[in-house]
Amino acid sequence: MYAVVDCNNFFVSCERVFRPELRNKPVIVLSNNDGCIISRSTEAKALGIKMGVPYFEVREQCKQNDIHVFSSNYILYGDFSGRVMNALSEFVDREDDLEVYSIDEAFLDLETYRDPENYCRTMRAKTEQWTGIPVSIGIAPTKTLSKIANDVAKKYKGYQGVFFMDTKERTDKVLASTPVKDVWGIGYRLSSKLTEYGIGTALQLRDADEGWIRKKFGVTVLRTIHELRGIPCFFDGAVPSVRKHIASTRSFGRNVTSMEDLREAIATYVSWAATKLRKQKSAAGGLYIFIRTSKDHTRLHQHEGVFRELPVATDSTPELIHHATEMLQELFHEGSIYKKAGVMFSHIVPRGSVQLNVFDKTDRTKFSKLMHVMDGVNLRDGQGMLKFAAMGTTQNWMMRSGMRSPQYTTKWNDLLVLG
DNA sequence: TCTGGGGTCCTAGGACCC
DNA sequence: TCTGGGGTCCTAGGACCC
């Protein structure tokens, strides 16, 4: 048996922990740059606020209905995510039985526990008590089924946050009322295609012909079908701790036209991404950067990005900034209005196994000591405490986030004061 | 005009997830 | 005026090899 634990309206719930007066009130959280809506309280959903819509489209509605709006505060959410996962880890015997799947979701392997339902009810109550974050739990023989069970736990209050999809009758009934688009792994494209062939529910997908599915839809959908039949196929769904690509991209808070601003932004993104790179003890062998003027020019835009294979895989911020700055020269056009930029590292290898280059003259030990010290200080005193001059000081291109809550749990000056 | 068989590796693009 | 960001896997096709 698997259980999937999913935090309810996670970002909104994090905001409410330190603002208890917002319980039972409509609350939403916006994406970076205050662009779209990415988390909604139950009350906000009831008012018809849709997931993913641009904020400016509903700003008036938010005002009229007294909806509380937050910019996103990923440092806070990341910290709460860690707390929730810690709480859950108290409920497994072996570390491997808890698989952190995303910032607000985890799978538990329940094979060794009798009475999983009651076990999960206790876990749910304790997690909320310890962290302040309410969760829902779905239990079933496979991960795909447990995700569907989780939806039931969320949707029907009567189950009080935990739904155990154990019997065949129960499972068939739930699958028959689950649209195929709500099955884990079936997105917009596949569900429209499946529906064309008359497969509109999870039950119909489960009972579809294997050979036909394999031919028409490939092995991924076939595995999903096995999962729906109760045969586990997705074992290691955990986010791999060592990533193959590392990116940092942001929309600007305002239009950017100058080379100086772009250089600052690119240097800043390189620095963020390089911190992630060093955290997983990797080095990057390839660097891609792009600058983008605005959306949906699909054709005129062939040259928005450029890739460079690095002579030696590296994790050194100044070295990466150096390359990125050179590459930026190739992309920049005087007179263009830029909205967004980003960097991506690829060809990632373990730091210890970097292939040296005979012609390489860089003193790598010196840089590596410097990076080590910077990472240490920034970890202790907050990101950005020590940074490179190339990142700039004004950073007036930085994304908007005017409605961001304090970093209650990670910054001394933001500690909540009582009395 | 004729024209085998079996592989590997890499990349771009499509699909998905949260 | 204003529409996020960061990942994964699979597949098809091209280049190349013997």
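The figures here come from the full heavy-atom set of this structure, side chains too, leaving out hydrogens, waters and symmetry mates. Sequence lines set the chain letters: A, B, ... in the order given, protein chains first and strands last, and positions in each chain run from 1.
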Problem - Phosphate OP1/OP2 of C:dG6: any A:His245 side-chain N/O under 4.0 Å - result: no
Practice task
Give A:Leu30 one of three labels, base, sugar-phosphate or nothing, depending on what nucleic acid heavy atoms sit under 4.0 Å from its own.
Solution key: nothing
Problem - Side chain of A:Arg223 - closest among C:dG7, C:dG5, C:dC10 - result: C:dC10
Exercise for the section: For C:dG5, take OP1 and OP2 only and decide whether either is under 4.0 Å from a side-chain N or O of A:Lys276. Expected result: no
Practice task
Would you classify A:Tyr188 as touching base, sugar-phosphate or nothing, given that sugar-phosphate means primed atoms plus P, OP1 and OP2, and contacts are heavy atoms under 4.0 Å?
Solution key: sugar-phosphate
Handout entry: Phosphate OP1/OP2 of B:dC17 contacted by A:Ser102 side-chain N/O (<4.0 Å)
Key = no
Practice task
Considering just the side-chain nitrogens and oxygens of A:Lys339, establish if one lies under 4.0 Å of OP1 or OP2 belonging to C:dG4.
Solution key: no
Practice task
Tell me what A:Ile246 touches on the nucleic acid: a base, only sugar-phosphate, or nothing, going by heavy atoms under 4.0 Å.
Solution key: sugar-phosphate
Practice task
Please determine, for the side chain of A:Ala247, which listed nucleotide (C:dC10, C:dG7, C:dG4) has the closest atom?
Solution key: C:dG7
Practice task
Check every strand shown and say whether A:Asn33 touches a base, only sugar-phosphate, or nothing at a heavy-atom separation below 4.0 Å.
Solution key: nothing
Practice task
Kindly point out which of C:dG6, C:dG4, C:dC9 is positioned nearest to the side chain of A:Cys36?
Solution key: C:dG4
Practice task
Taking only the side-chain heavy atoms of A:Thr249 (C-beta and beyond), determine which of B:dC18, C:dG4, C:dG6 contains the nearest atom.
Solution key: C:dG6
Practice task
Under 4.0 Å between any heavy atoms, over every strand shown, what does A:Val219 touch: base, sugar-phosphate, or nothing? Just pick one.
Solution key: sugar-phosphate
Exercise for the section: Take the protein atom CG of A:Asn255 and the nucleotide atom P of C:dT1, then report the distance between them rounded to whole Å. Expected result: 12 Å
Practice task
Please determine if a side-chain N or O atom of A:Ser251 lies less than 4.0 Å away from the OP1 or OP2 oxygen of C:dG5.
Solution key: yes
Practice task
Could you tell me whether the phosphate oxygens of C:dC9, OP1 or OP2, come under 4.0 Å of any side-chain nitrogen or oxygen in A:Lys244?
Solution key: yes
Exercise for the section: Rounded off to whole Å, could you give me the CG-to-P distance for the A:Asn150 and B:dC17 pair? Expected result: 15 Å
Handout entry: Candidate nucleotides C:dC2, B:dA15, B:dC18, ranked by approach to the side chain of A:Arg400 - the nearest
Key = C:dC2
Practice task
Tell me what A:Ser248 touches on the nucleic acid: a base, only sugar-phosphate, or nothing, going by heavy atoms under 4.0 Å.
Solution key: sugar-phosphate
Problem - Minimum-distance nucleotide to A:Asp104 side chain [options: C:dT3, C:dG4, B:dC18] - result: B:dC18
Fill in the blank from the handout: Of the listed C:dC10, C:dT3, C:dC2, the closest approach to the A:Glu57 side chain comes from C:dT3
Exercise for the section: Assess the side chains of A:Glu15 and A:Tyr77: does a donor N or O sit below 3.5 Å from an acceptor N or O? Expected result: yes
Fill in the blank from the handout: With A:Ser136 as partner, the option from A:Val4, A:Asn150, A:Val5 fulfilling side chain to side chain contact (heavy atoms under 4.5 Å, CB included) is A:Asn150
Practice task
May I ask which nucleotide in the shown strands pairs with C:dC17, Watson-Crick or G-U wobble, both distances under 3.5 Å?
Solution key: B:dG6
Completion exercise
Testing B:dC18, C:dG4, B:dC16 for proximity to the side chain of A:Lys147, the answer is B:dC18
Problem - Any A:Lys193 side-chain nitrogen or oxygen under 4.0 Å from OP1 or OP2 of B:dA15 - result: no
Practice task
Counting heavy atoms from C-beta on, name the nucleotide in C:dT11, C:dG4, C:dT8 closest to the side chain of A:Arg214.
Solution key: C:dT11
Exercise for the section: Measure the acute angle between the ring planes of A:Phe252 and A:Tyr269, then classify it against the limits of 30° and 60° as parallel, tilted or perpendicular. Expected result: parallel
Practice task
Determine whether the aromatic ring centres of A:His347 and A:Phe307 lie less than 6.0 Å apart.
Solution key: yes
Exercise for the section: Rounded off to whole Å, could you give me the NZ-to-P distance for the A:Lys143 and C:dT8 pair? Expected result: 16 Å
Practice task
Kindly say whether A:Gly342 contributes a backbone atom to a donor-acceptor pair with the side chain of A:Thr249 at under 3.5 angstrom?
Solution key: no
Practice task
Would you check if A:Arg83 and A:Ile133 make a side-chain contact, meaning some heavy-atom pair closer than 4.5 Å?
Solution key: no
Handout entry: Nearest to side-chain heavy atoms of A:Arg189, which nucleotide of C:dG5, B:dC16, B:dC18
Key = B:dC16
